[in-house]
Every structure is written in C-alpha cells, then in structure tokens.
Amino acid sequence: MTENNSNSDGIEGQNLAIEGKLPLKAVGIENLKEANPKHMPPHRYLHPWFARRPTPAARLATLASILPEGVDSDQILSWIQIGPKEGIEGDISEYVEKKKASEGDRSGSLGEHYGYPRPFTQSPNKKERRDIHEILEETWDGELPTVLDPSAGGGVIPYEAIRYGLPTKANELNPVPSVILQVLLNYAPRVGSLKEDLEQWSQRIDDLAEERLEQYFPSEGEHDSVDSYVCAHVVTCPDCGTDIPLVSKWSIRTRRSADTVISVPEVAEDGSIGYDCIIEPTEEELDGFDHKQGTVSRGGDAECLNCGIVTESEDIVEMHQEGDFSYDIICVRYMNSSGNYSFRAPNDADYEALTSAEQRIESDFDLASFLTTPLPEGEKTREPREHGIHEWRALVNRQKAFDFTV
C-alpha cells in the first residue's frame with residue numbers, strides 16, 4: 001500500500017507497475033533459492049515468523065506498488081539485485097531461467113553457477129536509489145511516497161523499503177514481532193551490526209535457562225546432555241487397563257540425510273508401556289514391527305497395544321476434556337561429547353524429570369501468570385479445547401515444553 005501525505009491525486013490517471021507485466025518467474029526462482037535453510041537472510045534466524053516473505057518478493061512488491069507502469073523488467077530486476085550487472089546476452093529474466101534449468105549440471109556453488117550474489121546480501125547503491133527516487137518524484141507529484149505495511153509481521157517489506165531510502169511506516173499488533181520491528185527498522189539502521197549484542201544477550205538467556213531447566217533434563221553420562229524429549233499423550237484402555245500412547249507412527253526420524261530412529265513399544269505386565277530406541281534398525285531387529293503404523297488411525301481412533309480393542313476418537317476427546325490422560329516419554333534426543341545429536345530410550349531419571357516438571361507447573365505461583373487466562377472459544381481454538389486444553393499455558397506445556405510431541 002502507498003500513502004501520499006501531500007497530494008493523493010498526484011498519480012491520477014496513471015497505472016502502477018504492479019498493474020502491468022512483471023518479471024515474476026525470475027523473482028520466483030530467487031525466492032526458491034532463498035528458502036534453502038543454509039542460505040537464508042540473518043533476520044530469518046532472529047525471529048521465526050510463519051508468514052515471512054522472501055527478500056526478492058518483498059522488493060518486487062514494494063517497488064512495483066509505487067513505480068509507474070512501463071518501467072523495464074530488466075531495470076526492476078537490476079534494482080532488486082537479481083542478475084549480473086554486465087556481460088550477459090538477452091534480458092535478465094531469460095538468463096536467470098536458463099541458469100535455473102541447468103542447475104543440475106553445475107559443478108560449483110549456486111552463487112558461482114548464477115554468477116551474482118544472493119539479493120539479500122546486496123543493497124541498491126547510491127546511483128540506483130537516486131534513479132529510483134527521480135522516477136518516483138516525477139510520478140508522485142514531486143515527493144517520495146510513503147510505503148505502509150499495516151500488518152508488518154516479521155518486517156521484511158518495511159525493511160526492504162528502508163533499503164531503498166523510502167519513507168516507511170509499519171504496524172503490527174503482536175507484541176513479539178513488534179519488538180523485532182523496532183530492532184530491525186529503528187535500532188539496526190542507526191547502529192549497524194547487532195551481531196555482538198545479540199550473541200551476548202542470547203548467551204546470557206541460554207545460561208539463565210540452563211541453570212533453571214537443568215534439573216528437568218538429566219544427563220545419562222558425564223559428557224551427554226539431554227536436548228529434548230519426544231512425548232505422547234497416554235490414555236487408559238477401557239477394556240484391559242493398558243496404557244495407550246497416542247501416536248500416529250513410531251518412527252522418530254526418517255530423513256534421508258540422517259539415521260533412521262525408531263521407538264519400539266513394549267507392554268509390561270502391569271499394563272504400562274516401555275520403549276526401546278533403535279537407530280538404523282535392521283529387518284531382524286524390527287522383526288516384522290511396522291513403525292509406520294502407530295496406535296492412532298487417521299480418524300482419531302486408538303488401538304490398544306495389548307488387547308487390540310479400539311477406543312473411538314469421541315471417547316478419547318472426552319477423556320482429554322475430563323483430564324483423564326497423562327504424558328509419556330517415548331524417546332530422548334541428547335547431545336554427545338562430540339557435539340552430535342543421538343537418540344536413546346527413556347530411563348528412570350527422565351521419567352522423574354517429567355514428573356518434577358508437571359509438579360512445578362501445577363504448584364509454582366510464579367508460573368500462574370497471564371498464561372493461565374482461559375482459552376476463548378473460536379474456530380482456531382475448538383480442537384485444543386476439545387482435547388482438554390483450557391488455558392493458554394497448556395498449549396505451551398503440552399506442545400512445546402519438551403520440544404515436540406508425536
């Protein structure tokens with residue numbers, strides 16, 4: 001959106017670039033390149049935001065919404081910092097598309113293959129900003145238009161607008177990204193790099209958190225430290241009284257680039273469930289066990305591991321609403337002395353830590369904060385409320401406190 005404080009009629013009768021033909025394919029290719037977790041802009045790591053837009057798309061949206069229609073596509077791409085500055089035949093869009101088509105044949109890095117740096121590492125130079133400003137002033141009655149992002153979120157659009165020297169306004173209701181916006185848009189442009197400050201304060205936060213949470217993440221060996229617990233909700237089979245861990249599958253990790261990790265349940269005589277953790281299991285170790293099939297079906301029904309009786313989803317929801325369920329640790333991820341992650345089965349110390357954490361949550365007055373506010377009724381809160389989650393803190397305790405829940 002754009003705002004002109006002096007004369008809203010300054011562009012009357014003239015179309016904007018966003019209403020015409022834009023180099024969308026070339027920008028889309030750059031968006032995909034930026035989505036690689038190894039090649040994302042630094043601000044992506046500062047604060048995760050679910051709707052954050054890629055840098056090339058944000059730059060195109062910003063420029064196209066204020067430049068007049070008819071600006072050459074190659075010129076726009078050059079201002080976005082896409083494509084080599086010289087030495088190519090044809091237009092930049094064609095060049096980028098050809099490079100994308102031949103990615104599979106490259107021998108070096110993506111940067112070497114494409115022949116220009118990633119856009120987020122480059123800012124428009126003084127001449128480029130001056131050229132853009134001259135066109136904008138001619139278009140907007142002698143003044144630069146103000147770029148307004150009414151729901152700025154992670155702040156990519158206003159951040160890129162500032163790069164182009166444009167008057168910029170950002171609005172955001174969520175308090176967390178609002179703080180990040182202050183850092184990105186006001187503080188960082190004034191003081192420069194924030195790397196040392198961020199590392200210093202993040203380390204302090206890590207130290208404080210480790211001191212307060214260490215007792216809930218006991219180490220098995222002198223040099224092994226628990227990183228996270230893989231947890232599941234557990235209900236009791238109404239037929240035989242055996243615990244039913246509510247999981248859709250028993251594979252903890254099956255990425256091609258890493259070892260496969262399987263948690264194998266074992267039913268004890270008292271009806272409780274134990275777990276064995278197998279890394280890179282062989283066919284003999286699995287012995288016909290189907291790790292892709294957990295206790296919970298796609299419809300939400302759960303099958304008992306002991307008697308095979310199925311508890312319907314409606315009954316499971318009722319158990320959650322009445323608080324008739326518990327948690328169980330089905331696998332532990334830890335960091336070894338070499339700094340690498342591995343997995344193991346839970347032990348007594350892990351279960352004691354889980355019990356201690358639950359007791360702390362229920363008894364510590366300091367934790368009875370605004371998070372104890374009731375979860376309101378609504379379309380987005382319907383499912384958690386059906387499963388017995390009635391306070392905001394329960395969303396954190398059940399889904400985030402132990403990193404992730406199966």
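Counting begins at 1 with the first residue of the sequence. Keep in mind that the numbers below use all heavy atoms, side chains included, and drop hydrogens, waters and symmetry copies.
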From Glu34 CD over to Ile29 CD1, what is the distance, rounded to the nearest 0.5 angstrom?
14.5 Å
Please, which pairs that meet salt bridge (charged side-chain N to carboxylate O under 4.0 Å, His left out) have at least one residue in residues 80-92, sequence neighbours excluded?
Lys85-Glu128
For Ile278 and Val264 the tightest heavy-atom approach is CD1-CG2, 3.8 Å
Going by side chain to side chain donor-acceptor pair (under 3.5 Å), name the residues that satisfy it together with Tyr164, two or more places apart in sequence or in a different chain.
none
Run the numbers on Arg344 and Asp350 for salt bridge (Lys or Arg N to Asp or Glu O under 4.0 Å), then give the verdict.
CA-CA 11 Å; Arg344 62 169 173 80; Asp350 299 318; 2.7 Å; yes
Those residues at least two apart in sequence (or on a different chain) that pass ring-ring contact (aromatic ring centres under 6.0 Å, His included) with Trp49 are His47
Could you label the plane-to-plane angle of the His233 and Tyr327 rings as parallel, tilted or perpendicular, counting under 30° as parallel and over 60° as perpendicular?
perpendicular
Can you find a side-chain donor-acceptor pair between Tyr216 and Arg360 that sits under 3.5 Å?
yes
Partner set under salt bridge (charged side-chain N to carboxylate O under 4.0 Å, His left out) for Glu312, not counting sequence neighbours:
none
Under 3.5 Å, side-chain donor or acceptor atoms of residues 177-186 against the rest of the protein: list the pairs with distances, not counting sequence neighbours.
residue: Ser178; atom: OG; partner: Glu172; partner atom: O; Å: 3.0
residue: Ser178; atom: OG; partner: Asn174; partner atom: O; Å: 2.7
residue: Gln182; atom: OE1; partner: Asn186; partner atom: ND2; Å: 2.6

Are side-chain N/O atoms of Gln122 and Tyr116 paired as donor and acceptor at under 3.5 Å?
no
Sorted by chain and residue number, the side chain to side chain donor-acceptor pair (under 3.5 Å) partners of Ser363 (sequence neighbours excluded) come out as none
For Glu160, enumerate each residue passing the salt bridge (charged side-chain N to carboxylate O under 4.0 Å, His left out) test, keeping only those at least two apart in sequence or located in another chain.
Arg59, Arg163
How would you list, by chain and number, every residue that makes a ring-ring contact (aromatic ring centres under 6.0 Å, His included) with Tyr159, sequence neighbours excluded?
His43
Is it true that Lys100 and Glu97 make a salt bridge, defined as a side-chain N closer than 4.0 Å to a carboxylate O?
no
Let me check something: any side-chain donor-acceptor pairs from residues 299-307 under 3.5 Å, sequence neighbours excluded? List them with distances.
residue: Asp301; atom: OD1; partner: Ser313; partner atom: N; Å: 2.7
residue: Asn306; atom: ND2; partner: Thr242; partner atom: OG1; Å: 3.3

With rounding to the nearest 0.5 angstrom, report the CD to CE distance, Glu314 to Met319.
11.5 Å
Gln200 backbone acceptor or donor facing Gln203 side chain under 3.5 Å
no
More than 12 heavy atoms of other groups within 6.0 Å of Glu377 CD:
no
Tell me every residue that passes side chain to side chain donor-acceptor pair (under 3.5 Å) with Tyr95, counting only those two or more places apart in sequence or in another chain.
none
Under the side chain to side chain donor-acceptor pair (under 3.5 Å) criterion, do Tyr341 and Asn336 qualify, and how do the steps go?
CA-CA 6 Å; Tyr341 290 112; Asn336 58 32; over 6 Å; no
Could you pull out all residues at least two apart from Arg53 that satisfy salt bridge (charged side-chain N to carboxylate O under 4.0 Å, His left out)?
none
With a sphere of 6.0 Å drawn around OH of Tyr351, does it hold more than 12 non-hydrogen atoms of other residues, nucleotides or ligands?
yes
Kindly write out the residues that satisfy salt bridge (charged side-chain N to carboxylate O under 4.0 Å, His left out) with Arg382, not counting sequence neighbours, or none if the list is empty.
Glu386
Please answer whether the main-chain N or O of Tyr334 pairs with a side-chain N or O of Asp227 as donor and acceptor at a distance below 3.5 Å.
no
Answer yes or no: is there a donor N or O on one side and an acceptor on the other, between the side chain of Asp287 and the main chain of Glu284, under 3.5 Å?
no
